[in-house]
Amino acid sequence: MASATPYFFNTLTRHKEPFEPLEPPCVRAYACGPTVYDHPHLGNFRYFIWVDVLHRYLRWRGYEVELVINLTDVDDKTIARAAAAGVDLPQFTERYARAFFDGLEALHTLPATHYPRATDHIQEMVELIERLLASGHAYRSDGSVFFRVASFPAYGRLARLDPEQMRSTERVEQDDFGKEDRRDFALWKKAKHGEPAWDAPFGRGRPGWHLECSAMSMKYLGTTFDLHLGGVDLVFPHHENEIAQSEAVTGEPFVRTWMHCSHLIVEGVKMSKSLGNFYTLAQLLERGHDPLAIRYLLASVHYRRQLNFTFEAVEQAASAITRLRQLVVRSEQEASRLPQSAPERTTQLDNALQLAREGFATALDDDLNTAGALGSLFTLVRETHAALDDGAADGVTLAAVLDWLREADKIWGLLPVDDPLLEFRIQHAGKEILARGPKVSAQIEALIRQRAMARAERDFGAADRLRKQLAELGIELDDTAQGVRWRRAGTI
RNA sequence: GGCGGCGUAGCCAAGUGGUAAGGCAGCGGUCUGCAAAACCGUCUACCCGAGUUCGAUUCUCGGCGCCGCCUCCA
């Protein structure tokens with residue numbers, strides 16, 4: 001692929017900036033991961049799909065991406081929920097870590113390089129705290145340790161918050177007791193009875209939430225790295241605090257580009273349990289929604305725009321995927337029998353391909369404009385169908401289209417991969433029929449053969465009965481000019 | 001109260017200082033034994049008001065509506 005420069009919107013500067021990794025071709029990225037205290041919901045996956053598309057885009061652009069997604073497995077919520085469930089914390093969090101990974105798999109995300117867990121990095125966090133204490137950026141108070149925000153003048157730069165105003169906030173939290181300044185935040189929380197705790201030189205306790213991300217990101221990616229990703233809600237205080245504690249320790253810039261994904265709303269309103277419109281991925285899959293339709297929908301809206309999730313839109317997404325796959329299926333069927341030289345009139349399809357390539361790349365390079373890229377992609381889909389209908393396509397150009405669609409799909413992850421195909425020819429009643437589809441049982445294969453023969457005899461009554469019989473077995477048939485194609489119901 | 005985002009056809013959603021991608025749905029055709037897919041045609045959009053401009057959906061201001069952040073929620 002051409003080596004155009006991506007432009008990303010950097011929350012730090014609030015501008016789109018050319019993205020140049022510190023040490024190309026390597027890109028080091030950290031994405032704030034889930035707190036594993038419940039089944040991940042749609043909003044979580046909107047974010048993780050975005051991370052995945054960004055990951056795939058960077059690889060597609062030729063970068064070697066080191067992606068770290070952490071799991072928060074110790075915090076107020078995990079502790080409280082585990083206690084309520086009467087389960088050990090590790091056992092409890094493992095349950096939801098599993099649910100998280102299951103969801104990622106169902107949605108066809110590429111694996112990250114590391115999935116570190118907070119509880120496996122207590123030592124790294126303790127070391128950071130010791131260094132912060134030694135340099136005066138942190139202080140002990142009643143068994144806990146707090147970060148001294150006043151010692152870090154750049155505080156508030158990411159979130160664009162006025163430090164003076166923050167100081168005068170009325171809100172009082174339980175953990176605020178013992179702070180020098182309202183803005184200070186906990187690095188280490190004093191052990192409470194019955195809660196998980198670790199020994200540390202400054203007292204037994206557990207880490208504050210923000211610290212884990214500093215510890216794990218710097219451990220795996222270095223003290224300065226390229227990209228740090230999160231949901232918009234994390235801009236403040238989480239990321240602001242990460243910057244403060246990390247840069248206070250290292251004296252170096254922590255992250256070069258901060259990117260944040262907007263939230264998802266459902267049917268036009270905020271997703272919340274009290275409104276009854278709160279959905280986990282597992283719930284949607286149980287309802288029979290196609291995970292890839294969900295993937296498509298979540299990926300098709302620009303990440304900085306609030307995404308309005310509707311059930312109608314999921315169905316529409318499923319249709320859109322079908323359209324894309326239909327073209328791939330058709331092209332595969334027709335490519336080999338088309339002339340392998342390019343007659344002049346195919347320049348039309350070739351032009352369409354070039355336009356699609358350019359439009360697609362340009363859109364993605366512009367702050368990962370997925371909707372724009374899909375526009376280019378589907379324009380080519382239409383043009384290719386039209387060229388095939390008009391007999392204006394040659395095998396070489398069509399193969400190039402097919403190659404490009406597969407290349408583009410490295411970002412979307414919607415096309416079936418290495419789906420084993422079964423193919424056979426039936427010669428009957430003076431006709432030869434090609435049949436192809438995914439692997440099926442011998443019984444189903446026999447029915448498909450029978451029906452093909454019935455059709456060759458023009459015994460359509462029998463053919464329709466067999467079609468119906470196969471439908472009951474979950475197999476649908478498409479009769480095309482190139483032969484019969486079967487597929488599992490609901491797939492393409 | 002402070003800060004920010006959004007408002008494009010029936011639905012989802014790009015984009016642009018010179019009347020606007022794409023997907024889905026609708027309608028009318030073509031093709032098809034049936035079914036599906038596909039193709040062609042078609043319908044329909046830039047929240048309201050003022051301003052800047054030769055010209056604004058695109059810039060500015062105001063209004064309305066929706067959403068979010070302001071210490072642990074992706």
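In what follows, every heavy atom counts, from backbone to side chain, and hydrogens, waters and symmetry copies are set aside. To find a chain, count down the sequence lines: A is the first, B the second, and so on, and within it residues start at 1.
A:R330 comes within contact range of the sugar-phosphate backbone alone, with a heavy-atom separation under 4.0 Å but no base atom that close. Using a 4.0 Å heavy-atom criterion, one finds that A:H263 contacts the bases of the nucleic acid, with or without backbone contacts as well. Within the 4.0 angstrom heavy-atom criterion, only backbone atoms of the sugar-phosphate kind lie near A:A320; the bases stay farther away. Within the nucleic acid shown, A:G230 comes within 4.0 Å of sugar-phosphate atoms alone, with no base atom in reach, counting heavy atoms only. Using a 4.0 Å heavy-atom cutoff across all strands shown, A:G231 reaches sugar-phosphate atoms only and no base atom. Within the 4.0 angstrom heavy-atom criterion, base atoms lie near A:L264.
Applying the 4.0 Å criterion to OP1 and OP2 of B:G23, one finds that A:R323 has a side-chain N or O inside that range. Remark: A:R160 is not in phosphate contact with B:C70, judged by side-chain N or O atoms under 4.0 Å from OP1 or OP2. In this structure, A:R325 does not reach the B:A37 phosphate: none of its side-chain N or O atoms is under 4.0 Å from OP1 or OP2. Residue A:R465 has no polar side-chain atom (N or O) positioned under 4.0 Å from OP1 or OP2 of B:A35. Side-chain nitrogen and oxygen atoms of A:R382 include at least one within less than 4.0 Å of the OP1 or OP2 phosphate oxygen of B:G22. Dashed line: the shortest gap from a side-chain N or O of A:N308 to OP1 or OP2 of B:C12 is under 4.0 Å. The side chain of A:N241 places no N or O atom within less than 4.0 Å of a non-bridging phosphate oxygen (OP1 or OP2) of B:U71.
Base pairing of B:G49 is made with B:C61, judged by Watson-Crick or G-U wobble geometry with both donor-acceptor distances under 3.5 Å. The partner of B:C34 cannot be assigned: no Watson-Crick or G-U wobble pair with both contacts below 3.5 Å exists in any strand. Nucleotide B:G17 forms no Watson-Crick or G-U wobble pair with any nucleotide shown, as no partner meets the under 3.5 Å limit on both distances. Here B:U42 sits opposite B:G26 as a Watson-Crick or G-U wobble pair (both hydrogen-bonding atom distances under 3.5 Å). Figure legend. B:C3 is base-paired to B:G68; pairs are counted as Watson-Crick or G-U wobble with both atom distances under 3.5 Å. Under the Watson-Crick or G-U wobble criterion, with both distances below 3.5 Å, B:A9 has no partner in any strand shown.
In this model, no side-chain donor or acceptor of A:R46 finds a partner on the base of B:A74 within 3.5 Å. Counting distance only, with no hydrogens placed and no angle test, the side-chain atoms of A:K189 and the base atoms of B:C72 include a donor-acceptor pair under 3.5 Å. You'll find a donor-acceptor pair under 3.5 Å spanning the side chain of A:D464 and the base of B:G33, going by distance alone. A donor N or O paired with an acceptor N or O is not found under 3.5 Å between the base of B:C12 and the side-chain atoms of A:Q316. Side-chain atoms of A:R451 come within donor-acceptor range of the base of B:G33, with a qualifying N/O pair under 3.5 Å.
Between A:R330 and A:D478, none of the side-chain N atoms (NZ, or NE/NH1/NH2) sits under 4.0 Å from a carboxylate O, so this pair counts as no salt bridge.
Residue A:R467 contributes atom CZ, which lies 12 Å from atom C1' of B:A37 at whole-angstrom precision. One can place CD of A:Q245 at 13 Å from C1' of B:U71, the figure rounded to the nearest angstrom. Atom CG in A:D390 sits roughly 16 Å away from atom P in B:A38 (whole-Å rounding).
A distance below 6.0 Å separates the ring centres of A:Y96 and A:F92. Separation of the A:F278 and A:H41 ring centroids falls under the 6.0 Å cut-off. Side-chain rings of A:Y155 and A:F147 stay apart, their centers remaining 6.0 Å or farther from each other. In summary, the aromatic rings of A:F9 and A:Y7 are positioned with their centroids too far apart to meet the 6.0 Å limit. The ring of A:F101 has its center closer than 6.0 angstrom to the ring center of A:Y115.
The residue among A:D75 and A:Y303 whose nearest nucleotide of RNA chain B lies closer to the 5′ end is A:Y303. With RNA chain B read from its 5' end, the first of the two nearest nucleotides for A:E315 and A:F460 is the one closest to A:E315.
The aromatic rings of A:F45 and A:F100 sit parallel, their planes meeting at an angle under 30°, below the 60° perpendicular limit.
B:C73 and B:A37 have their C1' atoms separated by 44 Å, given to the nearest Å. Atom name C1', nucleotides B:C48 and B:C64: the rounded distance is 7 Å, in whole Å. A distance of about 48 Å separates the C1' atoms of B:G33 and B:U19, rounded to the whole Å. On the C1' atoms, B:A56 is 28 Å away from B:G23, given to the nearest whole Å. Rounded to the nearest Å, the gap between the C1' atom of B:A9 and that of B:C70 is 37 Å. Comparing the C1' positions of B:G62 and B:C69 gives an interatomic distance of 24 Å, to the nearest angstrom. Nucleotides B:U52 and B:C11 are separated by 36 Å at their C1' atoms, to the nearest Å. To the nearest whole angstrom, the two C1' atoms, one in B:G22 and one in B:G17, are 24 Å apart.
Rounding to the nearest 0.5 Å places CD1 of A:I79 at 10.0 Å from CG of A:D73.
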